[in-house]
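First up is the structure itself, then whatever we jot down about it.
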Number of protein chains: 2
Amino acid sequence: MSWRKEQRRAERGYHHGNLKEALLQAALGLIAEKGAAGFTFADAARMAGVSAAAPYRHFRDRDELLSSIAQRGFEQFEARLTEAWDDGRPDTVTAFERVGRAYLAFAREEPAFYNAMFESGLPVDANAALQAASERAFNVIRAAAERLAALASPGTPRPPAMMMALHIWSMAHGVASLFSRGDAARRKLPMSPDELLEAEVLIYLRGLGFPTDRRPQAKSAEPPPVPPEASSGSGVPPGGPWGKPK
Amino acid sequence: MSWRKEQRRAERGYHHGNLKEALLQAALGLIAEKGAAGFTFADAARMAGVSAAAPYRHFRDRDELLSSIAQRGFEQFEARLTEAWDDGRPDTVTAFERVGRAYLAFAREEPAFYNAMFESGLPVDANAALQAASERAFNVIRAAAERLAALASPGTPRPPAMMMALHIWSMAHGVASLFSRGDAARRKLPMSPDELLEAEVLIYLRGLGFPTDRRPQAKSAEPPPVPPEASSGSGVPPGGPWGKPK
DNA sequence: CAGCTCATGTGAACGATCTTTACATGAGCT
DNA sequence: AGCTCATGTAAAGATCGTTCACATGAGCTG
């Protein structure tokens with residue numbers, strides 16, 4: 001029973017050396033397994049091989065650990081989105097959809113982070129640093145929407161980029177949290193969450209009057225010439241974004 | 001100290017008489033206050049004036065109480081959505097948007113139910129009855145989407161109703177959980193969640209080629225005549241769904 | 001190198017929760 | 001009147017979050 005603890009202690013000495021990091025990693029693993037609600041401070045301590053009181057030297061309380069994880073999550077999230085956006089290459093629409101896929105991929109591949117960030121119930125404004133990190137991540141989407149808005153067909157009012165960004169965010173978050181993660185993924189779907197979101201975004205963009213055929217655009221100040229399909233009929237390409245209906 | 005408990009007991013006798021219901025109500029109140037994560041079985045018992053062990057006569061464990069609440073929530077949710085849909089009166093698009101608003105209204109007005117249903121972390125398939133209730137609620141959206149799909153402009157492929165329903169659900173859930181409830185509502189927005197969702201759905205529907213001017217349609221088998229704006233230009237009415245840009 | 005300091009970890013303890021177990025009560029039926 | 005069984009209670013064990021007094025040893029200071 002207790003020789004194990006002694007053993008551990010013998011291996012690493014009285015001081016852990018890197019407990020804060022170890023706790024964050026342990027918590028991450030536990031949240032991935034059992035959700036933010038199921039994760040316990042004591043478990044994290046045990047997993048790091050220290051007493052239940054040790055974590056209090058590094059985090060005021062359980063919530064502070066959680067919000068540290070959320071913050072780190074937003075930072076990685078921002079990085080992933082930025083990378084996916086790739087400054088709008090090769091063309092704005094393609095890059096924009098890549099951001100959508102990156103959103104879902106993050107939710108799927110980093111369930112613990114996503115959980116801490118959006119589903120742990122901690123207040124958005126718990127922590128100034130957290131809020132800032134969250135805003136930086138959102139700003140990636142916002143900036144992309146800004147560029148997309150600039151592509152609006154001439155003669156049509158330019159949609160507010162902020163609104164577009166909020167719309168895209170809500171779609172991505174909705175799909176992720178309803179269909180793409182953990183228990184929710186068990187809901188049976190006629191298509192993958194990725195395809196679902198991609199179609200949703202494409203239809204939305206078409207609703208705004210954007211060409212969605214992904215032709216690379218020159219990065220010019222004036223909008224590119226309107227492709228034929230954007231000004232004739234309802235703008236629906238044959239087959240539509242959802243594939244060929246039978 | 002303990003005269004209070006005796007007092008309570010004197011008022012109602014040894015047997016409570018309606019404990020199951022009282023526990024559900026108490027839990028609902030507690031979840032509304034502190035979220036599903038913060039709610040404790042013991043608190044619910046205390047609030048109902050019984051010992052901490054009493055609830056186990058009515059629910060296997062805390063999770064079963066939670067899933068009972070979620071189930072009841074889905075039932076009320078279904079009722080609200082059905083009422084909002086009103087069988088597509090006065091016209092399909094108007095009714096469809098009313099469903100969207102009803103979704104948000106439910107999320108806002110019944111935070112406890114919404115929390116238990118979508119944010120409590122309980123598995124979708126925890127319980128057959130729960131899953132069934134959830135599917136019945138979704139079917140309201142699905143049926144509405146079915147009717148909407150039948151309105152597709154002639155010559156354009158008819159979008160799969162299932163996909164549309166999933167899209168609408170993800171939008172509504174995304175907006176609700178990001179902006180419309182509890183802590184999340186503190187995120188500052190340039191518009192209300194209701195307006196945000198309404199614009200989102202309108203743009204989406206336009207992307208599918210639907211007329212979105214809410215003219216009442218005859219309930220005929222064949223689609224109504226295509227309004228001019230749906231077949232000319234990009235289909236964007238002046239001002240767009242997001243109001244007048246400056 | 002000796003000694004001091006302070007960040008870091010320990011163990012014990014408190015109150016709260018979840019859950020089980022043996023026992024108490026009384027409503028409704030015979 | 002008496003029996004039975006659903007319903008409630010008290011007590012107890014296990015786990016958690018959190019605090020407090022105390023132990024340890026890494027790194028600075030002289």
Side-chain angles (χ1 to χ4, degrees), chain A residues 1-27 30-31 33-69 120-122 126, chain B residues 1-27 30-31 33-69 120-122 126:
Chain A
M1 277 303 166
S2 99
W3 66 268
R4 241 218 161 293
K5 200 149 65 177
E6 305 302 331
Q7 175 76 5
R8 285 258 206 146
R9 183 115 65 110
E11 280 169 10
R12 61 145 234 261
Y14 191 93
H15 289 280
H16 183 289
N18 199 13
L19 184 52
K20 186 161 188 169
E21 193 54 36
L23 286 172
L24 286 168
Q25 291 305 324
L30 290 170
I31 294 177
E33 269 181 50
K34 307 184 290 185
F39 134 81
T40 82
F41 219 26
D43 251 341
R46 205 162 327 163
M47 190 157 297
V50 297
S51 76
Y56 290 86
R57 296 294 177 192
H58 300 274
F59 302 95
R60 196 171 358 81
D61 56 17
R62 188 177 165 284
D63 268 11
E64 194 178 277
L65 199 172
L66 217 52
S67 103
S68 285
I69 291 186
S120 64
L122 47 81
Chain B
M1 277 301 168
S2 97
W3 67 268
R4 237 210 162 299
K5 200 151 63 177
E6 304 303 332
Q7 175 75 6
R8 285 255 211 151
R9 183 116 66 109
E11 280 168 10
R12 63 142 233 260
Y14 190 93
H15 289 281
H16 183 287
N18 198 14
L19 184 53
K20 185 160 189 172
E21 191 54 36
L23 286 172
L24 286 167
Q25 291 306 323
L30 289 170
I31 294 176
E33 270 182 50
K34 307 183 290 184
F39 134 82
T40 83
F41 220 27
D43 250 341
R46 206 165 334 184
M47 191 156 297
V50 298
S51 75
Y56 290 87
R57 295 294 178 192
H58 300 274
F59 302 96
R60 196 171 0 79
D61 56 16
R62 188 178 166 284
D63 268 11
E64 194 179 277
L65 199 172
L66 217 52
S67 102
S68 285
I69 291 186
S120 63
L122 44 83

### Query
What is the base-pairing partner of dG28(C), counting Watson-Crick and G-U wobble geometry with both distances under 3.5 Å?
dC3(D)
### Message
Output the rounded distance in Å from CZ (F39(A)) to P (dC16(D)).
### Response
11 Å
### Task
Answer yes or no: is there a donor N or O on one side and an acceptor on the other, between the side chain of E64(A) and the main chain of R60(A), under 3.5 Å?
yes
### Query
For R46(A), does its backbone N or O pair with a side-chain atom of D43(A) as donor and acceptor, under 3.5 Å?
no
### dA6(D) phosphate, OP1 or OP2, under 4.0 Å from H58(B) side-chain N/O
no
### Query
If you take all heavy atoms of A48(B) and L23(B), which pair is closest and at what distance?
CB-CD2, 4.2 Å
### Message
Counting only Watson-Crick pairs (N1-N3 plus N6-O4 or O6-N4) and G-U wobbles (N1-O2, O6-N3), all under 3.5 Å, who is the partner of dT20(C)?
### Response
dA11(D)
### Task
Would you mind classifying the nucleic acid contact of S51(A) as base, sugar-phosphate or nothing, using non-hydrogen atoms under 4.0 angstrom?
base
### Task
Would you mind telling me which of dT18(D), dT9(D), dT19(C) lies closest to the side-chain atoms of V50(B)?
dT9(D)
### Query
Could you state the CZ-C1' distance from R46(B) to dG15(C), rounded to the nearest angstrom?
11 Å
### Query
A53(A) near the nucleic acid: base, sugar-phosphate alone, or nothing, with a heavy-atom cut-off under 4.0 Å?
base
### Query
What integer distance in Å separates F59(B):CZ from dT7(D):P?
12 Å
### Summary
Side-chain atoms of F41(B) come closest, of dT18(D), dT19(C), dG8(D), to dT19(C)
### Length of the CG-C1' vector between L23(B) and dG8(D), whole Å
12 Å
### Task
Would you mind telling me which of dT10(C), dT19(C), dC16(D) lies closest to the side-chain atoms of D43(A)?
dC16(D)
## Note on the structure
One should read off an interatomic distance between S120(B) OG and I69(B) CD1, to the nearest 0.5 angstrom, of 9.5 Å
### Task
Report the distance from atom CG of N18(A) to atom C1' of dT8(C), rounded to the nearest whole Å.
13 Å
### Message
Taking the minimum atom-to-atom distance to the side chain of A54(A), which one of dT20(C), dT18(D), dG9(C) wins?
### Response
dG9(C)
### Task
Find the distance R62(A):CZ to dT17(C):C1' and express it as a whole number of Å.
14 Å
### Query
Phosphate oxygens OP1/OP2 of dT18(D): is one of them under 4.0 Å from a side-chain N or O of R60(A)?
no
### Query
Is the distance from OP1 or OP2 of dG9(C) to the nearest side-chain N or O of R57(A) less than 4.0 Å?
no
## Note on the structure
Residues F39(A) and L65(A): closest non-hydrogen pair is CZ-CD1, 4.2 Å
### Message
What is the separation between atom OH on Y56(B) and atom C1' on dT9(D), rounded to the nearest whole Å?
### Response
15 Å
#### Entry: Between P of dC16(D) and CG of L65(A), the distance in whole Å
15 Å
